[in-house]
Structure formats: structure tokens, C-alpha cells
Amino acid sequence: MHLLIDDVQLWDGTGSPAQSKMSVEVRDGRIHWVGAASQWQGNRANVRVVDGRARTLIPGLMDCHVHYSSPGGPEWIARFTDPLPEISMRAIELAEASLRSGVTTARDVGAPQGVSIRLARAARAGEIRAPNIRAAGTWIAHRGTYVSFARQFGEADELRNAIRTEIEAGVDLIKVALAGWNEGARPQDAPDIPFDKKLLAVTVEEAHKSGFKIACHANDVTSCRIAAHAGVDSLEHGMFLEAGDLEAMAKNKTYLVPTMSVWDAMLYYSRSVDWPEARRKRAEDLRQGSRAAVTAAIKAGVNIALGTDAGGGAARHGRIAREAELMVECGMEPGDALLAATSNAAKLIGEDERGTIEEGKIADMVLLDANPLENIGGLRMIAAVFQDGRRVA
Ligand SMILES: [Zn+2]
């Protein structure tokens, strides 16, 4: 496919300001040429021309925290134990919805029974319409502290085995759960600290030794403190992170993936489906804890990558624009929110050939009928989505 996106405002994700009147030529799935529209030398009769006027072209978006096995919504945890055929079929639909919203790469950070690994393979083989997926297999959690379908361990040796089993199953990264699920799924008699410092150090050593990154679910004061100091690659959720934790994260180059869409969606459901007062109050507390942490993380210079937790929390799929809006509400510049959703996310995921619009890179791009640098909500105004140089939405 030979394509020219012509006369467009280009925000390329490299950190340079947007440039107007640019053109981008795509050949065989890659970005072949980028330059001033007036400088393009080719023959218009030989390319498919896409009108870029009054539009902005950005790199394909990356959602660093999704669960395609579940649809989100007010009863999101129950959906994880739906019958496997239903989970599998639904995952294909949800991945496509995500792609249509501009997500060309996603990290699926936990699914029952290896569904995400199969989904990632089908996507890679071009058999389904889905983002480029990096799958974490299932969650690894201390016995009795997390949902029943996580991979459970007791002692350090069993933990090492759990990581090796995930790697053998074909995962792209390791996901560990340091705290209970956000609706208090932790049983009454479970230990307060599911992973102590020592067990998390074992995890980091075992995964990094095999070249795998670790995403770490932490959503209370204790688990955030342990995760922030452990040298994991990303800390997911991160409500109630404190100043010392953020300092450690900046020093360790640990990414924060805030997933603020979850609390935003929960608050909405608390009104629209009449949750009891205590549950509504909890959602409000989590939301405030999350916003405070993100605002402080921005000031502390912590690397931030965008993740919605669509499916895994209350948030539904295909709403990545909302997460970017929430980041801007917490004090991020729109351009920085876009970096969190493109090139910074690519660095966290380890996608060297994606995340920016530069010659030679894979042609994953989103064309918008808006300028998201003026109003980040413009991410909803999708004119086209290109994946590997092909138009997919
Ligand atoms: Zn999640």
C-alpha cells in the first residue's frame, strides 16, 4: 500500500512542536518520507492521497493497561468468570473497538486462562482486527490475596516457578498483584502485605534475568511504597503514592500508569446504577487518592505512560481520550499527555519501531479532525486510523 497523507498538521511524538503543511508518505507498512507538503517529489497519480487539511496526524495511540477479556462496566469483576467461549469471543470484539478508537498498540495486563496470549498471537498473525498486543498472561499473586483466577504462590520457589510458567506460556511481560482488587476482593484473613519487599525482589530478579519487564499492580499506601522502591518497570494505578515513593520511582525510572478512567467510571456508575453510599464514598476516595498521586508525580518528574484499565476496572473499552483528559485535569500539558500515550508508552512497552512518526518506523498513525494540543478531547474526533500502513478505521 502506497499512501500519502497530504498537507496535514503533524505532531510526530518526538517531542518537537507540531508543524503545519506537512506530508507523510507510507510504503509497505512503513513511514517512507516526512517533510513539507511542498517538497514532496512523487507522482500523485501513483499514490492514494488522504486529505490532511484542517487535520492533525499523530502516532498511533498506546494503551499500556487493558484487559480485553472483560468489558468493564458496573460489574466488571464478575465478567472475568464468564464462560470461556464468551470471554474469548468478546476479547476479539473489544480489541477491535479499541483499535477503532485509535489504539494501535496495547498491553493486556491480565486475562484468565491465557486468553490474552492467544489474542496477541491472532493479532500478530493478522487474523483479527486488533491492536498490536503485548500480553501478560495471568496475574501472579500471593495465595489467598487476589482473585481466584490469578496464578497463586506461597513461597519464593513457587513464585519463581510461577514466573517461569508464564514465560513458557508465551507472555510478553510479567504482571504481579501487590494489593487486592480495587473492590476489596481480598479475603478477610489474607495477609496485609501480599508481596513483601523480599518476594518482590525475587520477582524483579527472576523476570529481568530472562529479559521480561514487570508491571506491578499497587493501589494502597503499603503496596505503592514496596513497588516504588523495588525497581519494577511500571507501577499500575498508584493511588496514595507519597513523596518518597515518587522520588524512588524517578530514580529507578519506574513508570507510573495511573488508570484514572477507572475511578471516573466508578463515580459515574455510583450515580447511574444507584450504588450504596459506602461504595460511592470508596470510589470518591480512590479517585482523590489517584488524582493527588498523578499531580505529584507530574511535579516530581516521574515517567508517566497512559493506561485506562479498560475491562479490568470499571472503565469500558474504546475510551482512551477520557484518560488523556484526566491527565490534563491533573496538570499535564496536552502535548505531554500525548507523549504518555505514544512515545513514552513505547519506551515502557519496548516498542522501538513504533510511537513516533519518523522515516523508517512502522506506519501506525491516527488522523484527527481536531487539534488535540488545543483541546485534548480532540482525540475523540477520529478521521482515520492506520495500522502497519493500512487504514483500519
Ligand atoms: Zn488492570
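Atoms within each ligand, like the ligands themselves, are counted from 1 in listed order. For the numbers below, each heavy atom of this structure counts, side chains included, while hydrogens, waters and symmetry mates do not.
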Hydrogens and angles aside, do [X] and [Y] bring a side-chain donor and acceptor to less than 3.5 Å of each other?
| X | Y | result |
| --- | --- | --- |
| E359 | W33 | no |
| Y68 | S116 | no |
| H229 | N252 | no |

Check each of K361, R354, R129 against D388 using the salt bridge (charged side-chain N to carboxylate O under 4.0 Å, His left out) test, and report the only one that passes.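 One option only clears the test, and that one is R354.
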
Which residues and atoms, protein N, O or S only, are under 2.8 Å from the Zn ion (ligand 1)?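 For the Zn ion (ligand 1), the protein N, O and S atoms that sit under 2.8 Å away are H65 NE2, H67 NE2, D309 OD1.
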
Restricting to non-hydrogen atoms, name the atom on E325 and the atom on G377 that form the minimum distance, rounded to 0.1 Å.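 That would be OE2-CA, 3.4 Å.
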
Distance-minimising heavy-atom pair for A123 and I133: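 That closest heavy-atom pairing would be CB-CD1, 4.4 Å.
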
